[in-house]
Amino acid sequence: MEDNIQSAYQEEESRLNSALTEIDTVLEKLRNTPVYTGHEFTEQALEASREQKRKDLAKLRQEPYFGRLDFQGNDENERKALYIGKIGADREQVSDRPLVIDWRAPVASLFYSFTGGAEPASYEAPEGLIEGLVYLKRNVVIRKEILERVADTYNRDSDGPAVSDEFLVYRLGENKDNRLRDIVSTIQEEQDKIIRAAKNTALIIQGVAGSGKTTVALHRLAFLLYQYKDQVSAEKMIIFAPNRMFLDYISDVLPELGVGNIMQSTFPDWAAQTLGLELPEQNATETLNRWFEAKGGMPEITEETPGRFKGSTVLMEIIESSIKLLEVNSVPEEDFSPWEGAVLRRSMILRWHNEEYSPYPPAKRKERVMARIHRWIEMELKKSSSTAAMKDHKKKGAQREKAYSAKWPKYDPLTIYKQIFRAVKLPESWPVDPPEAIPASVLKETAKELKKGILREEDLPPLLYIHYLLNGNEGGDRFDHVVIDEAQDFSPFQIAVLDLYVRGHSFTILGDLSQGIHAYKGVHAWAEMQTLFAPEHTAYHALTRSYRSTMEIIEFANGILTSGVGSSLLAVPVFRSGNPVRLISYGEGQAVGSSAESGRIGDVRAALAALSGREYRTVAVLTRSLREAEELHAVLTEYFADIHLIDGSMTEYRGGLSVLPVYLSKGLEFDAVILADADLDHYGSAAWDAKLMYVGCTRALHELWLLHNGGLPAYVQATVGETVSGWPNAE
């Protein structure tokens, strides 16, 4: 066995040296080719292609490939060794196989979909279904031109034909830094199906914590750009992430895959920019404080909760009816007279408005009608009896034209939104009473805030919809594809509005209902989003396998979901074992100080010292509230030189040691996590509390410690069989 491993290593080392030599040869020729700086279009295009090849080959040289697949098609005479990498590269001389095959190529799908066995394998190619036999599936790790590891996950000629998870476990066991990384070398079959799914589909992905759903979505963007390169462009793709820090956290994945220029934003930032509004940061902070910092836990959530109602399609229908009422009654009642003796009949204006310009949305239609009226005035001016009369008519006409325009409805999204919620004077054509479908509590609270000039994130989808109904898609361009991360925190209204700005319902919508801690604004079931699309335009995938945490952490977190939420959306762990989850009661032998408070802080400090002293790159202390995070951080900075407070205002995740409230940790992951105050004083018995704790626990890759005051929630008590108690040195 050892001889086989040594032989495989020597074989791959020889092949790597050969590949590097060939890459160097081609790269040297390209670098020696004079750079074209002229204005001839064809030569400019050729130079751009050469420059891209220079960059690709320079990058390829560091890590040419990560996998090998020996495959023989049914119509082929011999099996071929195919090497798969992040970037494809042809050989210098014409050959029956490239030097490196791009991971997105059809044949490369076999590397991900083949799970062992003696049966034939197949993949979809442009020319049809290709069938054949896989003889070898091999993973290789190359870093900075050096071959570090070789692992056969399938060998038809050996005694062990089953695919092994050994290489996957090895990669998962690596420590975490401050960036999300690509997974091209370890994409699993269920992930690959999502990545390679058809473009014009609204994919809804329910993925358990650690299932790689964010990374899968980013790889899907890279695949779509490869597969549909003549139909889509990176500039017309966008990723919506939960916050700016998360955007920074995922920012390296696409460049690692050779993809650039894809827009990345939060929904509030994009919506505010589209509307030309400024959304004060403190408004978002106030919303978080209301739901997460309130004493006694989260307030009750119903369908009349402002975020839930404003995110519903009910409000969409109210807006549509309101705009229609404005549109029908938009033309002023009287004829238009720019000066005495000149009259443009309302019937003519109505004909222009209702017939000639009917294809235009209301605001554009008004512009066309007013432009037509202006041209009519100019024609009438030519009929003036004298120069003095023309001058007088022109002055009066300009004044009356402006006054007439002011009599039309004000086609401004914010004004109309305020009118719907009865926060400003109503158009004459509207009924005095507000729409019955708006709950009284929502009407009262929203009107009060709008009168004060306060806009919430939940107000943006309605404003965008009004803007679209009034103006249409002003830019004319639509996104080729939209990725929505943490989509359980999006409302149906947000998705419906975004669908107006994307071609062919091309979405990747991903999230985890078990992490739905923003239930006051997000969906409670995926059906709320699925029903927005026709059945043929949507698909649902569930990713249940978790690759982030150890078995011990996942089983503990699953226990919280089962007991505290009653959820069946449980994670299936990869076989990667680690230290047990640790429950530590404050004052249990390692506390510093005598009072209860100093014992708590001392224990958190001791836990952080213990875990940060190990070979971990990232360790986080998660608190129940921001106030507690700020207090702990202030104390811990005296003992730890470089410890960061994450308070929601940061745009960059720096790694290392961090303190943050648990509700801001969603989407991030750390080598080790200390969940402070994991007790009944901080986490109640409601399902929402259990979800909050579940989020905190599933941030940990390798180690999870829960510190508490002795009063544990029932859903934690139910999982004590998966834990150990006390400090490591007290066992």
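It should be emphasised that the depicted structure is a prediction, and the values quoted were computed from it without experimental measurement.
Taking the six-membered ring where tryptophan is involved, the planes of Y520 and W291 are essentially parallel, since the angle between them stays under 30° and well short of 60°. By the 30° and 60° cut-offs, the orientation of the rings of Y663 relative to F292 is parallel. Ring pair F267/W270 is tilted by interplanar angle, where 30° to 60° counts as tilted.
A salt bridge does not link D671 to R614: none of the charged nitrogens lies less than 4.0 Å from a carboxylate oxygen. The pair D489-K666 meets the salt-bridge criterion, with a side-chain N (NZ, NE, NH1 or NH2) lying under 4.0 Å from an Asp/Glu carboxylate O. Under 4.0 Å is where a charged nitrogen must lie from a carboxylate oxygen, and between E445 and R290 at least one such pair does. Salt-bridge check for R600 with D677: passed, with a basic side-chain N closer than 4.0 Å to an acidic carboxylate O. Ion pairing of E638 with R605 is absent here, as no side-chain N (NZ or NE/NH1/NH2) approaches a carboxylate O to less than 4.0 Å. Between R456 and E449 there is a salt bridge, with a side-chain nitrogen of the basic residue lying less than 4.0 Å from a carboxylate oxygen of the acidic one.
In summary, the side chains of D485 and T214 do present a donor paired with an acceptor at a separation below 3.5 Å, with no hydrogens or angles considered. In this structure, a donor-acceptor pair under 3.5 Å is absent between the side chains of R699 and S665. Side-chain N/O atoms of Q191 and H219 include no donor and acceptor closer than 3.5 Å. Looking at T287 and K521, their side chains never bring a donor and an acceptor atom within 3.5 Å of each other. For the residue pair Y547 / Q188, no side-chain donor-acceptor distance below 3.5 Å is found, with atom types taken as modelled.
To the nearest 0.5 Å, atoms CG (L510) and CD1 (I194) are separated by 9.0 Å.
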Query raised in the report: Given the rule in the side-chain contact (heavy atoms from CB on, under 4.5 Å) test, do L532 and T313 qualify, once you have shown the distances and angles that lead to the verdict?
Result: CA-CA 9 Å; L532 298 172; T313 53; 3.9 Å; yes
Report task. With side-chain contact (heavy atoms from CB on, under 4.5 Å) as the test, would you mind laying out the steps for E552 and R582 before giving the verdict? Result -> CA-CA 10 Å; E552 291 80 1; R582 190 169 293 279; over 6 Å; no
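The heavy-atom pair separating D603 from E588 by the smallest distance is OD2-N, 4.3 Å.
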